[in-house]
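For reference, the structure discussed in these notes is given below.
These numbers come from a predicted model, not from an experiment. Residues: numbered from 1 along the sequence shown.
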Amino acid sequence: MKCLYLAFISKVQTIYNTLLCIFNYVSIIRTQWICLVIKVGEMYINAIKMVGVTKTFGSVIANKDVNINIRKGEILAILGENGSGKTSLMNMLAGIYFPDDGKIFVNGEEAIIKSPMDAYKYKIGMIHQHFKLVDLFTAGDNIILGEEAPDFDIKAKKTFLKEERINIKNNKWKKFLIDVKIVSLPLGKLVAKLKFNWLSRDREKVVQAVADKYGFEIDLSKKIYDMSVSEKQTVEIIKVLYRGADILILDEPTAVLTPQEIEKLFVVLRGMRDNGKSIIIITHKLNEVMAISDRVSVLRKGELIATVDTKDTDEKRLTEMMVGERIELNIERTTPKNVKKRLSIHGLTCRNREGLYALNNISFSVNSGEILGIAGISGSGQRELLESIAGLQKIELGVIQYDDPKTEKIVDLRAKTPNQIKELGVRLSFVPEDRLGMGLVGNMDLTDNMMLRSYSKGHSIFLDRKSPTELAQTIVKDLEVVTPNMKTPVRRLSGGNVQKILVGREIASAPTVIMAAYPVRGLDINSSYTIYNLMNKQKENGVAVIFVGEDLDVLLALSDRIMVICSGKVSGIVDARNTTKEKLGMLMTSIPEEIEVFSEPIIEN
């Protein structure tokens, strides 16, 4: 009987333990399920939510009733044609503009963002398409510029010390010490400020640590005016990262980066996304959108067309949403006619501001009625090459000869200043990389920027504004420039419209040689094709066109010949009709032992 009792008790204990294990297992599953639900929920928590946002500039509607959200831990791409309101929308997040209507929510709470300082308080940072840097300052100074000393509230500290003094009983010495502290509070504030300013000299170590963390190579002691466009872009990115932004807005961040730098940036962005940061990237490069983004929002004429998951779309569909119509991505290339040598460059050598060779023994020729494409990794000497021909760069060695079609004489351009070249009737139109740095004056309106090319032609003490005004109106009409009016400063226009104005002005000067450095950088598809057509039209008119580009597909489709520059040297001149993208890529990164030189384009008999 006792054995049966013990067996029964053992059986009950076993059943109890089994039920207990099942209960614990269910509890674990329940806990894991709850954590999973919370984690999934966090993935879709909105870092930013814009509701019914509207912004107008005079009669021009930049944004109309836009509803868009950016989730935590995602990369959102913003697509749209130039003037579609992408940058204006992001400028409202960055505190540059204030919406006329609508609300902005940050982490679920309504946010009033009236200035960039307000945006920084919400940990929102924006890298602008046009740099916000002080040229005379170093990179390090620009990054820490605007950083404020820790708050030192004398009134609050005084109140706290008085309360502490009241609580002290029968200890005159402690009371005396507190009285001394109260009296010396103003001095303490001054010391704190001096300490902050003095220690700011060592802040470059902190900035360098940020740069090293994300793999950026930069000389923090280098002046901004000595920097290339890509280096300035790097400063802007580090400046935002240094301020600890959790929400990053990048306006055309890859436009001035090499393929290697782009991939490095993408690795950084993916790492930030995985750490919960929210990233907004504005770009016209659809392949980059497909490579880096999680979702895509498409704007057209200031309105939101759609937001789609990147994995569920393709480049063709995105293009149709951007422009509202199907576009055949074919660049027309005519066969050169009446080809004559217009420019001959022999042994061109020059140094940059650091004393290093920017160009080393460059030799090539440019013909009328053809487009000579120039390919190369950014910073390989493209800028110095065009500036040398335009008379803006000091040349150490070499010859630049121009065959004047009017006099049929050879002119040595190296012996002439830019003004003398202009007086000789040599029309070298120059579209620089930095369109608001060298090309146009941002605070001037359209007419005044036209006058930069014509003011010296006046025959009296009064400036002729009629012709520049007519030219500005023609450019606005023919190139479909979106602007509130002719008096609007060009810095308030979108990047694409600024580029149209610049290229239109240069072409209007009826040049015999036109040099265009990255003329479609930052432009949408329709605007890019407008520029391509303008280049082809100039070619048909017998103009010698030098086209510096970064999109190899465009260079292959548009150019007659392509010259590749690698580290300041010519690595090859090839026939654009009979070469490949892979071959150009190899020439961009290395100089072969035997350099191919295709000197004459295929011409029409």
Sidechain-backbone polar pair: [X] side chain, [Y] backbone, donor-acceptor under 3.5 Å:
X    : Y    : answer
K569 : N360 : no
K500 : T530 : no
T512 : V543 : no
N449 : V490 : no
Q401 : V399 : no
R333 : D560 : no
N497 : V482 : yes
T138 : D141 : yes
Q499 : Y518 : yes
E236 : H128 : no

Does the side chain of [X] reach to within under 4.5 Å of the side chain of [Y], using non-hydrogen atoms?
X    : Y    : result
L584 : L556 : yes
D251 : I127 : no
L493 : I501 : yes
L452 : V441 : yes
I345 : S363 : no
L248 : L241 : yes
Y529 : I531 : no
V564 : V570 : no

Among all residues two or more places apart in sequence or in another chain, which pass the side chain to side chain contact (heavy atoms under 4.5 Å, CB included) test with L397?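 Result, side chain to side chain contact (heavy atoms under 4.5 Å, CB included) vs L397: T349.
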For S115, enumerate each residue passing the side chain to side chain contact (heavy atoms under 4.5 Å, CB included) test, keeping only those at least two apart in sequence or located in another chain.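 Here the qualifying residues are M117, D118.
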Distance-minimising heavy-atom pair for [X] and [Y]:
X    : Y    : result
S559 : A576 : O-CB, 3.2 Å
G369 : P336 : O-CB, 3.3 Å
P519 : F547 : CG-CE1, 3.3 Å
L552 : A375 : CD2-CB, 4.1 Å
I565 : S380 : CG2-O, 3.3 Å
G504 : L479 : CA-CD1, 3.9 Å

Answer yes or no: are there more than 12 heavy-atom neighbours, outside [X] itself, under 6.0 Å from its atom [atom1]?
X    : atom1 : value
F57  : CZ    : yes
R492 : CZ    : no
E470 : CD    : yes

Partner residues of [X] under the side-chain hydrogen bond (donor to acceptor under 3.5 Å, both in side chains) criterion, sequence neighbours left out:
X    : result
D478 : none
T488 : N485
N287 : none

Run through R577, K341, R561 and flag the one making a salt bridge (Lys or Arg N to Asp or Glu O under 4.0 Å) with E370.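 Testing each of R577, K341, R561 against E370, the sole residue satisfying salt bridge (Lys or Arg N to Asp or Glu O under 4.0 Å) is R561.
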In sequence, state the C-alpha distance, the side-chain angles, and the governing distance for M126 and V240, and then conclude on side-chain contact (heavy atoms from CB on, under 4.5 Å). CA-CA 7 Å; M126 183 170 181; V240 172; over 6 Å; no
[atom1]/[X] to [atom2]/[Y] distance, rounded to the nearest 0.5 angstrom?
X    : Y    : atom1 : atom2 : result
D226 : S221 : CG    : OG    : 10.5 Å
L220 : I143 : CG    : CD1   : 5.5 Å
E231 : I218 : CD    : CD1   : 7.0 Å
M451 : S467 : CE    : OG    : 10.0 Å
D135 : K223 : CG    : NZ    : 11.0 Å
L385 : I362 : CG    : CD1   : 6.5 Å

Under a plain distance cut-off of 3.5 Å, with no hydrogens placed, do [Y] and [X] share a side-chain donor-acceptor pair?
X    : Y    : answer
N533 : N536 : no
Y402 : S344 : no
D445 : T447 : no

Test side chain to side chain donor-acceptor pair (under 3.5 Å) on Y357 and S567; report intermediate values, then the result. CA-CA 9 Å; Y357 283 112; S567 301; over 6 Å; no
If you apply the rule side-chain contact (heavy atoms from CB on, under 4.5 Å), what do you find for V207 with V210, and how did you get there? CA-CA 5 Å; V207 176; V210 174; 5.6 Å; no
What side-chain donor-acceptor pairs closer than 3.5 Å can you find for residues 388-395, not counting sequence neighbours?
residue : atom : partner : partner atom : Å
S388    : OG   : E384    : O            : 2.7
Q393    : NE2  : R351    : O            : 3.3

What's the verdict on side-chain contact (heavy atoms from CB on, under 4.5 Å) for I475 and M450, showing C-alpha distance, side-chain angles and the deciding distance? CA-CA 10 Å; I475 291 174; M450 296 302 112; 3.7 Å; yes
Could you tell me whether D403 and K409 make a salt bridge, using a distance below 4.0 angstrom between a side-chain N and a carboxylate O?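 Salt bridge: no.
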side-chain contact (heavy atoms from CB on, under 4.5 Å) between I546 and I374, worked out: CA-CA 7 Å; I546 301 176; I374 296 182; 3.4 Å; yes
